Structure formats: structure tokens, C-alpha cells
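Here is how names work: the chains are called A, B, and so on, in the same order as the sequence lines, proteins then strands, and each is numbered from 1. Quick caveat, the model's predicted, so the values are computed rather than measured.
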Protein chains: 2
Amino acid sequence: MRAADAVSTTTGYLLLKLATLAEARMEQTLRPFRLRGRTLRVLAFVDGGEVSQRDLCRQTGLDRTTMVAVIDELEAHGFVRRDRSLSDRRKQVISITEAGRRTLGEALAALRHTEDDFLAPLDPDGRRQLHRLLSALFAAHDPRCQPDEPPEPGER
Amino acid sequence: MRAADAVSTTTGYLLLKLATLAEARMEQTLRPFRLRGRTLRVLAFVDGGEVSQRDLCRQTGLDRTTMVAVIDELEAHGFVRRDRSLSDRRKQVISITEAGRRTLGEALAALRHTEDDFLAPLDPDGRRQLHRLLSALFAAHDPRCQPDEPPEPGER
DNA sequence: CACTGATCGTCAGTTAGGCTGACGATCAGC
DNA sequence: GCTGATCGTCAGCCTAACTGACGATCAGTG
């Protein structure tokens, strides 16, 4: 077996390539809605209720300065509103607008359709299997539910 | 179900996140070998025999100017050699060096180890299933074996 | 009350990645 | 010998993302 094939048939490489392909389709699907992967994701979190930008950073893992740009973009399209918090005037209260909620719903529906399309080559059972396996693997690697050993006293 | 969860539990999102995690580990594994994902991949193709940079572009899908940088990097570390082709003096003949071949072998072995580690949360059967499903999905979406409809006469 | 340290959002500046366009050198066909 | 195409190279641009600094604000202290 050639070395090039040894790389190309790796599970990790397949994962990477498929993710790239899927991402491109997702971005393409979102374009008509004036959304991108990250902005949709943030918008979905805003839909949960009023939050500060800092909250969104913690929830999405995005950088604080990147979040400024994402909110700017969402605000420019009228999907969210920025208001100073009354209780803590350092914070911005981000809330979803009616247009934002509607667009979010439509975008999610379109995204589901695109994903179905992308997974169509697999039979329904295969799709379930894939989702199950990816979920299990993700849960095992997700830093938020890392089964980290009890912190040692001398550790920093 | 909250909109945020509707996004996070998507197969496409899981794919993307897992690919990101896997890629980070791969890059980390390759660092001691002075290789990166792309450079390793190119090196693997060079190992197949003497090729021109253009050939490598076609095989890997990288841009021609990006390839210059990749070869530069590989050459700087002594993994490949650049020679003018005798039959076509426009072309550079890229050939792997002894150090390149040795490093490639070691890096591939390390990569296999990292991947096993990454997939460890799944049982052996689950790992096989995952690889099978990803392979099938990739084959269906790979542009190189696209089952494109016969080109219509009036099409451009 | 003033003072100190921390937090939040913002912006400027830097870095890295990749691409476009142009170039010289070379080839193939006429 | 011309003409058009190909190969590798480089300069320049664009995007994404992060670092560091900043003003505004808060909480806690004396």
C-alpha cells in the first residue's frame, strides 16, 4: 500500500474531509439567510433568552473579540438587539428580534434538509449508527464533560 | 428542545467538531517530526515516486502557490529534493530523501497511534462501523468519483 | 466616601492562511 | 521563428483569529 493511501484511508482524514465538505454545504445553505455557521450558532444561543456577550463566549467557546464581530453582524441584519444591562451597566443584553427568530427557524429547517441530503447515500440505519457513534466519540472528548482525574494538591 | 441544542446535536456539527479535535491532535503528533498535516500528505505522495509540483497539486487539490510553500518547507528540512527535469526543463522533479522516507514512516506510525487513542472510546466493532460509514459517505461525495450526469449538449 | 482590583465590551495591530495576477523560462505546434 | 500554453515563482491582497491595551463599570475594603 502506498503511503499516500495510508493517509487518505485514515479515519481521521475521512473525518476531516467530510467535515470540510459538509461545512461548505452548510455555509452555502445559510448564505440566502444572511447567516454563517458561527452566527447561526450564536443566534441559537441568544434564542434561549437574554444573555450577555460574555455568556455567549462561554457557551460557544468563541473569543471575546470574535464575539463582538459576530454580534455586529447579527445586529446589522436586525436579528438581535444590543441594550445596556440595567443591573450591570458594563454588560450588553443581547436579545433576539422577531426577524431573528423567524430567520433562525427557517435556517434550521433548511439546514436539516441539507443534512438529510448530505447523508442520503447512507441507509436510515446507517445514518442512525453514524450519529450514535459520533455522539459517543464527541461525548468522550468534549472538554466540558472531561472525566479529569481529581486535582492533585501540588498541581498548578 | 432549545435551538442551541438543535444545532449542537446535528450530525454535521458533530462531524465538524470531532474533525477539529482530531486535527489538533494530529498536528500535535506531527510537530516533533517537523511536519504538519498538509506537508505530511504531500510527502506521502512524493514517496510514490518522482513527481512534478503540478502533479502534486492535482493529486492533493492544493493550490499551485501553496504547493511552493509546502515544498519549500519540506526541502528546508531535508525531506525532499528539487531538481530540474531533464526532459522538460520547466518542471521541478521532486524526490524524497532518505531522511524524508524515514521521517514519513515514523510519523505515520505515530499518527496511527494517535488515531487509535482518539478512537479508543469506541469498541473495536464501533470503530470498524465508523470507518465503514465514513468511507461510504466520502466515496459518495468525493468529487473525483462523482456520478455526474452525462453532459448535455447545450451546457456550458 | 475614596481606593483597589476585577470584569465587560471595544478597538487597533499583528499573525497566519490562502488566493489572484503577473512574470520569466520553457515547451509544442505551425 | 512565431504563437499560445504550461510550469514554478513571487508580490500583493484578503480573510480569520488572536493579543494587548483601553475606558467604563462593578464589588469590596477601609
Side-chain angles (χ1 to χ4, degrees), chain A residues 16-17 19-21 23-24 26-28 30-31 34-43 45-46 49-76 79-95 143, chain B residues 16-17 19-21 23-24 26-28 30-31 34-43 45-46 49-76 79-95 143:
Chain A
L16 194 57
K17 271 306 181 190
T20 306
L21 289 172
E23 191 185 17
M26 298 295 176
E27 297 289 343
Q28 194 178 340
L30 292 177
R31 196 160 305 138
R34 298 172 179 278
L35 285 171
R36 289 185 294 164
R38 288 185 329 185
T39 50
L40 169 101
R41 199 164 131 68
V42 169
L43 186 59
F45 275 106
V46 176
E50 297 186 345
V51 285
S52 70
Q53 295 188 193
R54 208 65 176 196
D55 293 335
L56 290 172
C57 288
R58 276 187 280 263
Q59 289 172 300
T60 60
L62 292 182
D63 186 79
R64 74 211 130 93
T65 92
T66 305
M67 186 59 71
V68 171
V70 172
I71 304 286
D72 280 348
E73 193 175 328
L74 286 171
E75 193 182 28
F79 296 150
V80 303
R81 241 197 3 252
R82 252 194 265 240
D83 297 297
R84 281 283 160 196
S85 167
L86 296 174
S87 58
D88 185 345
R89 296 176 47 74
R90 290 172 303 178
K91 295 187 183 179
Q92 301 272 31
V93 176
I94 313 299
S95 45
Chain B
L16 194 57
K17 272 306 181 188
T20 306
L21 289 172
E23 192 185 15
M26 299 295 176
E27 296 290 343
Q28 194 178 341
L30 292 177
R31 195 161 307 136
R34 299 171 179 278
L35 286 171
R36 290 184 294 165
R38 288 183 330 182
T39 51
L40 170 100
R41 200 163 131 68
V42 169
L43 186 59
F45 274 107
V46 176
E50 297 186 345
V51 285
S52 71
Q53 295 187 196
R54 210 63 176 197
D55 292 335
L56 290 172
C57 288
R58 276 188 279 264
Q59 289 171 300
T60 60
L62 293 182
D63 186 78
R64 76 212 128 92
T65 89
T66 306
M67 186 58 70
V68 171
V70 172
I71 304 286
D72 280 349
E73 193 175 328
L74 286 171
E75 193 182 26
F79 297 150
V80 303
R81 243 200 356 255
R82 252 194 264 239
D83 297 295
R84 281 284 159 194
S85 167
L86 296 174
S87 59
D88 184 345
R89 295 177 48 74
R90 290 172 302 178
K91 295 187 182 178
Q92 300 271 32
V93 176
I94 313 298
S95 45

Between CZ of A/Arg81 and CD of A/Glu50, what distance do you get to the nearest 0.5 Å?
8.0 Å
So if I take every side-chain heavy atom of A/Arg58 and compare against C/dC8, D/dC10, D/dT19, which nucleotide ends up nearest?
C/dC8
In whole Å, I'd like the distance from the CG atom of A/Asp55 to the C1' atom of C/dC8.
11 Å
Side chain of A/Arg64 (C-beta onward), nearest among D/dT19, D/dT9, D/dC7
D/dT19
Establish, with yes or no, whether the OP1 or OP2 oxygen of C/dG17 is under 4.0 angstrom from a side-chain nitrogen or oxygen of B/Arg36.
yes
Closest nucleotide among D/dA5, D/dG8, C/dT10 to the B/Gln92 side chain
D/dG8
How would you label the contact of A/Arg84 with the nucleic acid (heavy atoms, under 4.0 Å): base, sugar-phosphate, or nothing?
nothing
What is the distance, rounded to the nearest whole Å, between atom CG of B/Leu86 and atom P of C/dC27?
11 Å
Per atom distances to the A/Asp88 side chain, the nearest of D/dT19, D/dC26, D/dA16 is D/dC26
Closer than 3.5 angstrom, by distance alone: can the side chain of A/Thr60 be matched with the main-chain N or O of A/Leu56 as a donor-acceptor pair?
yes
Tell me which nucleotide among D/dG20, D/dA5, D/dG8 gets nearest to the side chain of B/Ser52.
D/dG8
Rounding to a whole Å, what distance do you find between A/Leu56:CG and C/dC8:C1'?
13 Å
Which nucleotide in the list D/dT25, D/dC7, C/dT26 gets nearest to the side chain of A/Arg89?
D/dT25
What is the nucleic acid contact for A/Asp63, judged by heavy atoms within less than 4.0 Å: base, sugar-phosphate only, or nothing?
base
Is any side-chain heavy atom of B/Phe79 less than 4.5 Å from a side-chain heavy atom of B/Thr39?
no
Rounded to whole Å, please give me the gap between CG in A/Asp72 and P in C/dA12.
12 Å
Taking side chain as C-beta onward, heavy atoms only, is B/Lys91 less than 4.5 Å from B/Arg84?
no
Looking only at side-chain N and O atoms, does A/Thr66 come under 4.0 Å of OP1 or OP2 in D/dC18?
yes
Report the C-alpha separation of A/Gln53 and A/Val70 in whole Å, then their side-chain angles, then the decisive distance to 0.1 Å, and conclude whether the side chain to side chain contact (heavy atoms under 4.5 Å, CB included) test is met.
CA-CA 10 Å; A/Gln53 295 188 193; A/Val70 172; over 6 Å; no
Separation of C/dT7 atom C1' from A/Lys91 atom NZ, nearest Å, is 9 Å
Would you mind reading off the distance between B/Asp83 atom CG and D/dC7 atom C1', rounded to a whole angstrom?
16 Å
If you only use heavy atoms from C-beta on, which nucleotide in D/dG8, C/dC8, C/dC27 is closest to the side chain of B/Arg54?
D/dG8
To the nearest angstrom, how far is A/Met67 atom CE from C/dG9 atom P?
10 Å
Would you say D/dT9 has OP1 or OP2 under 4.0 Å from some side-chain N or O of B/Arg90?
no
